[in-house]
Amino acid sequence: MKTRIAKRMRLPLMYGVLAGWVVAGVLAMAVISAWCGTSFAAAVVAVSAVLLLALSPAMRRAATVYSLALRYHRAEYLYDLGNGVEATIAMAAYEKKARRAASAWVRRKLLRSSFGPLPVAFFAMLMGGANVALSLEITVLIGVMVLVAVPVALHTMLYFARRKCYDKFGNIKNA
């Protein structure tokens with residue numbers, strides 16, 4: 001699904017990716033540098049590459065679904081408001097669609113794109129001189145890091161998107 005993301009979704013998308021990278025990535029880098037005895041900067045490239053390559057497509061998919069739901073289901077939102085539903089509850093359906101799209105992406109493509117290179121990273125660490133236990137621990141840590149970063153980034157993106165999707169009258173912006 002190659003559609004353009006609405007301009008108002010670009011900033012929340014960047015905030016979400018940054019939050020996921022900071023929360024999961026920095027924690028994983030600190031743990032990896034403590035286990036390996038290497039510097040913190042040595043883990044930055046490997047962890048950031050895996051994390052950003054996993055987060056960017058998942059958040060792009062969620063932002064696209066969210067902005068398309070806001071654009072094409074505005075009548076449903078107004079119908080809910082007319083029937084006495086609060087705006088936050090009416091927006092919950094759009095956020096649920098975005099969460100479902102991101103989780104479906106994680107189930108379908110993340111297992112191939114991010115977890116596929118993990119055995120290669122495991123054997124590369126073995127050939128680099130690390131022992132089996134350390135290589136396995138770091139490989140599992142990187143996999144868990146990706147699974148933690150996606151929900152953190154998604155919730156941050158939806159929080160900032162929710163703040164930017166209303167006009168001054170409380171209606172959803174249509175573009």
Side-chain angles (χ1 to χ4, degrees), residues 1 4-70 88-89 91-122 124-125 128 130 133-166:
M1 182 173 176
R4 291 185 57 195
I5 297 174
K7 286 185 180 180
R8 65 183 148 79
M9 286 300 292
R10 289 181 186 157
L11 195 60
L13 179 68
M14 287 190 290
Y15 284 153
V17 171
L18 180 67
W21 180 78
V22 166
V23 169
V26 172
L27 182 63
M29 286 181 245
V31 170
I32 287 173
S33 64
W35 279 346
C36 296
T38 61
S39 66
F40 186 78
V44 169
V45 174
V47 170
S48 295
V50 170
L51 193 58
L52 292 177
L53 286 174
L55 276 178
S56 299
M59 293 302 102
R60 181 177 169 80
R61 173 78 175 143
T64 301
V65 167
Y66 187 74
S67 61
L68 287 176
L70 288 178
T88 56
I89 296 172
M91 289 296 292
Y94 305 133
E95 294 172 4
K96 184 178 178 182
K97 288 177 186 178
R99 282 191 202 99
R100 193 177 317 139
S103 66
W105 187 89
V106 167
R107 282 192 311 263
R108 194 174 44 237
K109 294 192 180 177
L110 187 64
L111 293 175
R112 282 183 293 197
S113 65
S114 289
F115 293 158
L118 286 180
V120 175
F122 173 72
M125 284 186 276
L134 180 66
S135 299
L136 186 62
E137 288 172 353
I138 290 176
T139 304
V140 169
L141 176 71
I142 290 174
V144 169
M145 170 196 63
V146 169
L147 291 177
V148 167
V150 171
V152 168
L154 182 65
H155 288 297
T156 304
M157 183 193 72
L158 289 176
Y159 173 75
F160 284 108
R162 193 179 320 126
R163 295 181 67 196
K164 293 185 69 74
C165 69
Y166 295 110

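Phe160 has its side chain out of reach of Leu11: every pair of non-hydrogen atoms, C-beta onward, lies at least 4.5 Å apart.
Rounding to the nearest 0.5 Å places CG of Leu154 at 10.5 Å from CG of Leu13. Atom CG of Leu55 is separated from atom CH2 of Trp21 by 11.5 Å, given to the nearest 0.5 angstrom. In this structure, CG on Leu158 lies 7.0 Å from CE on Met9, to the nearest 0.5 angstrom. Note: Met59 CE to Leu18 CG = 13.0 Å, rounded to the nearest 0.5 Å.
Considering every non-hydrogen atom in both Ala149 and Ala24, the closest pair reads CB-CB, 3.6 Å. Nearest heavy atoms, Pro12 versus Met157: O-CG, 3.4 Å. Across all non-hydrogen atoms, the minimal contact from Ala19 to Thr156 is CB-OG1, 3.5 Å. Nearest heavy atom pair, residue Ala153 against residue Gly16, reads CB-O, 2.9 Å.
Each of Leu141, Val148, Leu147 was scored for a side-chain contact (heavy atoms from CB on, under 4.5 Å) with Val144, with one residue passing: Val148. Among the candidates Arg100, Arg99, Lys97, the single residue satisfying the side-chain contact (heavy atoms from CB on, under 4.5 Å) test with Val65 is Lys97.
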